[in-house]
Amino acid sequence: MPTCQPANVPTIEEQIALLRRGAAEIIPEDELRVKLEKAAQAGRPLRVKLGIDPTARDVTLGWAVVLRKLRQFQDLGHEACLIVGDFTAMIGDPSGKSKTRRQLSREEVQGYVEACTQQLFKILDRDKTRLFFNSDWLGKMTMHEVIHLCSKYTVARLLEREDFSKRLAEQKPLYVHEILYPLCQGYDSIAIQADVEMGGMDQKFNNLVGRELQREVGQEPQVVFLMPLLVGTDGEEKMSQSLGNYIGIAEPPFEMFSKVMSIPDKAMEQYFVLCTDVPLDEVQRVLQDPYAAKKRLAREIVTLYHSADAAQAAQEQWTHIFSQRKIEAEEAPTIEVQRQWLSEDGTSRLIEFIRLIGFAPSNSEARRLIQQKAVEINGNVIADINARIAPQDDMIVKVGKRRFGKVKIVG
RNA sequence: GCAGGGAUGGCCGAGUGGACAAUGGCACCAGACUGUAAAUCUGGCGGCGUAAUGCCUACGAAGGUUCGAAUCCUUCUCCCUGCACCA
């Protein structure tokens, strides 16, 4: 070959096929093809935009779905443009019931970004990532410019959004700033001249507004690339930090493995497709045996964010603890027991002990757990609420299925 | 500003003077079953307490009436809806 391209560069069709995996919608797909071709010819990377909300704390597997797709774009030579929505966060995305939030200071936003960066770059390629803050342009717009922007879009079109029209029909309040929100987000696309905007399905409307606005100002409209919303560990609601049904990519291997094992079977296929790189035909084969499939899934995910060794170790530990229900001393996390919690003879009321080590929030709750035979000391169920125990180093305490540890007396 | 509606435990939502720590549903927790899946069954689900027909705190806030209030009265705060006013 006369070109200097490495032999392993995929064709446009191969690229499309790769990108399509798991994608919910690509609007429109043939425009993406054209953009990819043009980029390849011109040797110019596409600018792939993704908005990030500076109030999220951890990167979850759900968020990772979009990030992983973005990473694929990077691997194909394109450029990720992360827009930190520090200005729009102040308004609050109307998709929630969120009230107007206070303006975050630049320092706060900066601090947030730094905290998040480490997790973000577990997935993204740092060298192909650019970071923007939308307060840089939104915060500097004059009233004149705002009105000019508003003149590019009609109210009727903004009301096409389902939750807007619904609220209007139900005579629920709909505030002006809320319908302006999509315009702000859309303006971000203009500001950075996005070629593609990534997002979850919940961002469809907003992203399409960006596309239209770009057209209005004479920019080539962005392709809207949408990923499905990953269900949470409950298998019902979308994964979100506020619902507490999430798996964070920074969680330790054992936690991660356990959480994946606890998702409902019906969610497995989606997790395989969106959270792993297992080929799709193999996924179908693996799913024939649900139990083996789930362990495979958990291994795959832990491998991705930790290592194959960590995944193997996590699985072994999981098997011991939950499948065989034996807790090995070396596997149990340490419970620090303050010597002052014990009376002079070195014993403690079990009820209080359970509360003090944090396995129950109150004595009443501890009492209930004991009555319900949920408490085990060194493998023996203790159901007497008046029991006293004599904690010693390496004593194994287990409460319910998930709370367990090994005593270490300190102080 | 006017008129009407509302504020109850994590959420939804009953309750209009005592038997209400407050029906019911959801969520959650525990046990059984199992693959820590799903489904199902059982129990639990403010705190303190060895226990009690026990004590404390709780039904937006503060007072009041009463032997007794989530329930009645007064004031206040907040939210919602409609109308008006202003531009």
Side-chain angles (χ1 to χ4, degrees), chain A residues 96-100 143 147 166-176 178 231-247 251 253-272 275 286-299 301-302 314-327 331-332 343 347-356 358-377 379-389 397-404:
Chain A
K97 288 181 203 162
S98 43
K99 298 173 179 152
T100 304
M143 193 62 185
I147 290 174
K166 219 168 115 189
R167 275 156 69 184
L168 214 54
E170 289 170 359
Q171 303 201 301
K172 295 251 175 73
L174 176 60
Y175 291 91
V176 175
E178 294 184 279
V231 296
T233 49
D234 58 337
E236 298 293 334
E237 306 284 348
K238 71 168 183 178
M239 184 176 285
S240 85
Q241 285 177 71
S242 50
L243 292 173
N245 61 353
Y246 73 99
I247 303 175
E251 291 188 50
F254 177 72
E255 301 299 315
M256 198 181 261
F257 192 94
S258 305
K259 281 193 180 182
V260 174
M261 287 306 290
S262 75
I263 67 167
D265 283 6
K266 64 185 179 195
M268 279 201 288
E269 181 171 2
Q270 193 193 30
Y271 272 65
F272 264 115
C275 304
V286 169
L287 284 173
Q288 297 306 308
D289 177 352
Y291 187 36
K294 199 173 284 175
K295 286 189 279 197
R296 169 78 184 276
L297 178 64
R299 269 201 317 273
I301 291 174
V302 176
Q315 178 167 349
E316 280 165 21
Q317 196 177 345
W318 181 87
T319 306
H320 273 139
I321 293 170
F322 294 118
S323 194
Q324 299 170 10
R325 302 206 178 183
K326 279 185 294 187
I327 298 172
E331 294 171 337
S343 51
T347 66
S348 169
R349 282 189 59 210
L350 183 56
I351 285 179
E352 285 177 4
F353 181 76
I354 296 298
R355 176 174 58 82
L356 287 166
F359 280 5
S362 66
N363 284 352
S364 296
E365 180 67 16
R367 187 189 319 273
R368 274 176 226 129
L369 288 165
I370 295 168
Q371 284 169 338
Q372 290 171 143
K373 298 184 176 21
V375 176
E376 272 178 36
I377 303 290
N380 301 313
V381 173
I382 299 190
D384 175 9
I385 56 174
N386 296 319
R388 296 188 71 85
I389 57 165
V397 180
K398 181 164 174 258
V399 173
K401 285 171 186 153
R402 312 192 81 119
R403 285 160 284 183
F404 59 89

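Protein chains get the first letters and strands the later ones, always in sequence-line order, with residue 1 at the start of each.
Applying the side-chain contact (heavy atoms from CB on, under 4.5 Å) test to A:K401 and every residue at least two apart in sequence or in another chain returns nothing. Remark: A:V231 pairs with A:A267, A:Q270, A:Y271 by the side-chain contact (heavy atoms from CB on, under 4.5 Å) rule, at least two apart or across chains. Take A:R403 and apply the side-chain contact (heavy atoms from CB on, under 4.5 Å) test, not counting sequence neighbours, and it matches A:F359, A:L369, A:V399.
Rounding to whole angstrom units, CZ of residue A:F404 and P of B:A30 are separated by 13 Å. Whole-Å rounding puts the A:I370 CD1 to B:C29 C1' distance at 15 Å. For the pair A:R403 CZ and B:G31 C1', the interatomic distance rounds to 13 Å; values are reported in whole Å.
Listed for the A:S348 side chain is no donor-acceptor partner under 3.5 Å among the backbone atoms of A:I389.
One C1' atom belongs to B:U71, the other to B:G18, and the distance between them is 11 Å to the nearest Å. Comparing B:G54 with B:G49, their C1' atoms sit 8 Å apart, to the nearest whole Å. If you take atom C1' in B:U16 and the same atom in B:G6, they sit 15 Å apart, rounded to whole Å. On the C1' atoms, B:G15 is 16 Å away from B:A58, given to the nearest whole Å. With both ends at atom P, the span from B:A69 to B:C55 equals 15 Å, rounded to whole Å. The separation of B:U8 from B:A62, taken at their P atoms, amounts to 16 Å, rounded to a whole angstrom. To the nearest whole angstrom, the two C1' atoms, one in B:C11 and one in B:C59, are 16 Å apart. The same atom, P, is picked in B:A21 and in B:C45; the two are 14 Å apart, to the nearest Å.
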Walk me through it: do A:L297 and A:I263 pass the test side chain to side chain contact (heavy atoms under 4.5 Å, CB included)? CA-CA 11 Å; A:L297 178 64; A:I263 67 167; 3.9 Å; yes
Verdict with reasoning, A:I377 to A:L350, per side chain to side chain contact (heavy atoms under 4.5 Å, CB included): CA-CA 10 Å; A:I377 303 290; A:L350 183 56; 4.3 Å; yes
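For the side chain to side chain donor-acceptor pair (under 3.5 Å) with A:Q315, the qualifying choice from A:R299, A:R296, A:H320 is A:R299, the only one to do so.
Defined by atom type and a distance below 3.5 Å, a donor-acceptor pair is missing between the side-chain atoms of A:R402 and A:S258.
A:P264 approaches A:G235 most closely through the heavy-atom pair CG-CA, 3.7 Å. The two residues A:I382 and A:I370 have their closest heavy-atom pair at O-CG2, 3.5 Å.
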Taking protein heavy atoms under 4.0 Å as touching, what does nucleotides 43-50 of chain B look like 5' to 3' if B marks base contact, S marks sugar-phosphate-only contact and - marks none? BSS-SBBS
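Judged by the 6.0 Å and 45° rule, A:K294 forms no cation-pi pair with A:Y291.
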What pairs of nitrogen or oxygen atoms, one from the protein and one from nucleotides 36-38 of chain B, lie under 3.5 Å apart?
{"from": "B:U36", "atom 1": "O4", "to": "A:S258", "atom 2": "OG", "distance (Å)": "3.0"}
{"from": "B:U36", "atom 1": "O4", "to": "A:W318", "atom 2": "NE1", "distance (Å)": "3.0"}
{"from": "B:A37", "atom 1": "O4'", "to": "A:K294", "atom 2": "NZ", "distance (Å)": "3.2"}
{"from": "B:A37", "atom 1": "O2'", "to": "A:I263", "atom 2": "O", "distance (Å)": "3.1"}
{"from": "B:A37", "atom 1": "O2'", "to": "A:P264", "atom 2": "N", "distance (Å)": "3.4"}
{"from": "B:A37", "atom 1": "O2'", "to": "A:D265", "atom 2": "N", "distance (Å)": "3.1"}
{"from": "B:A37", "atom 1": "N3", "to": "A:D265", "atom 2": "OD2", "distance (Å)": "3.2"}

Taking Watson-Crick (N1-N3 plus N6-O4 or O6-N4) and G-U wobble (N1-O2, O6-N3), each under 3.5 Å, can you produce the dot-bracket string of RNA chain B? Use [ ] for crossing pairs and | for inter-strand ones. ((((((((.[[[..)..(.....]]].(((((.......))))).(((.....)))...[[[[[..)....]]]]])))))))....
